[in-house]
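Sequence positions, counted from 1, serve as the residue numbers for this chain. All values reported here derive from a predicted model rather than from experimental measurement.
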Amino acid sequence: MEMDVGNKLSREIRSFSSLLVINIAFSGIAMALGVALAVTNIQALLSGWAAINFAASAVGVTAFVLAMRWLVSTAELFDGVDEIKEERSRIKGSRDLQALAGLIARLAAHYRSNRQLISRLILLTKAAGLCFIVNGALVLLQVVLSSPADWASAMGMVAAAAVNLGVGAAGLAIPHFFSKYSLCWEARLRGIAEAEGRLSGLVGGE
């Protein structure tokens with residue numbers, strides 16, 4: 001019984017951590033793209049003003065700022081999960097069901113406190129995953145249509161496509177599996193709310 005509960009908790013923590021890690025990666029990529037877009041177009045502006053360069057540099061700066069906020073929010077959320085993970089590691093192998101129940105409650109409470117942010121992260125992860133899949137498919141299409149002159153170029157493009165498709169698949173799969181655990185947390189939170197309501201009723205009836 002203790003092993004089943006402990007293993008289930010470990011899987012839930014891993015799923016939560018995976019969602020946050022991939023968001024940290026995606027936000028870092030978005031920051032890099034924003035910087036590259038802004039710097040490239042600012043350099044173009046210095047050599048000759050153009051409305052499209054000004055607009056593109058503004059988009060790049062905005063993307064960088066939003067990606068930075070995305071990274072900071074995800075990192076703050078990750079800190080809470082990491083604390084629970086470390087506590088789980090300390091009691092691993094223990095038969096203390098009360099300690100495990102406490103960690104399960106803490107994980108559910110952490111989810112409840114950040115439910116709105118987590119919903120946004122799930123959407124961002126899926127959107128980023130789709131972007132990587134589309135990019136990977138376009139690279140493969142380019143290989144087929146352009147027929148690179150040498151095998152090294154062709155293999156490099158195929159490898160790039162495979163990386164994009166793999167990252168994109170992870171971006172779609174991780175939120176899918178995470179949603180299964182979030183349903184469990186929602187059920188636990190409803191149970192806690194119902195228990196608190198019954199307790200309030202008992203206290204009020206005294």
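One hydrophobic cluster, built from ILVMFWY side chains closer than 4.5 Å, cannot hold both V158 and V134; they sit in different ones. M31 and F132 fall into different hydrophobic clusters, where Ile, Leu, Val, Met, Phe, Trp and Tyr are joined by side-chain heavy atoms under 4.5 Å apart, directly or via other members.
Side chains of F26 and V21 form no contact here, defined as non-hydrogen atoms less than 4.5 Å apart. Side-chain atoms of L165 and L140, non-hydrogen and from C-beta on, do get closer than 4.5 Å to each other. When side chains are defined from C-beta on, L121 does not count as touching N114, because their heavy atoms never get closer than 4.5 Å. Using a 4.5 Å heavy-atom cutoff, the side chains of I118 and Y111 are in contact.
From L77, atom CG reaches atom NE2 of H110 across 4.0 Å, with rounding to the nearest 0.5 Å. For the atom pair CD1 (I84) and CG (L107), the distance works out to 4.5 Å, reported to the nearest 0.5 Å. We find the CG-CG distance between L124 and L19 to be 10.0 Å, quoted to the nearest 0.5 Å. Going from atom CD of E76 over to atom CG of L117 covers 9.0 Å, rounded to the nearest 0.5 Å. Atom CZ of R88 and atom CZ of R14 lie 9.5 Å apart (nearest 0.5 Å). Between L172 atom CG and I22 atom CD1 the span is 9.0 Å, to the nearest 0.5 Å.
Judged by distance alone, with hydrogens and angles left aside, the side-chain atoms of N135 form no donor-acceptor pair with the main-chain N or O of C131 at under 3.5 Å. Looking at S15, its side chain never comes within 3.5 Å of a backbone N or O of E12 through a donor-acceptor pair. Here the side chain of S73 pairs no donor or acceptor atom with the backbone of W70 at under 3.5 angstrom. Counting only distance, with no hydrogens or angles, the side chain of N164 and the backbone of A160 share a donor-acceptor pair below 3.5 Å. One N or O on the side chain of S182 and one on the backbone of S179 form a donor-acceptor pair closer than 3.5 Å.
The local environment of CD1 in I52 is sparse, with at most 12 non-hydrogen atoms from other residues, nucleotides or ligands closer than 6.0 Å. Annotation for R115: atom CZ counts as buried by contact number, over 12 foreign heavy atoms lying within 6.0 Å. E86 CD: more than 12 foreign heavy atoms inside a 6.0 Å radius.
Here the shortest heavy-atom pairing between G136 and A161 reads O-CB, 3.5 Å.
Counting Ile, Leu, Val, Met, Phe, Trp and Tyr side chains that sit under 4.5 Å apart, directly or through other members, I42 stands alone, with no cluster partners.
Among I29, L37, V35, the one residue that satisfies the side-chain contact (heavy atoms from CB on, under 4.5 Å) test with L33 is I29.
Two rings, from F16 and Y181, have their centers 6.0 Å or more apart.
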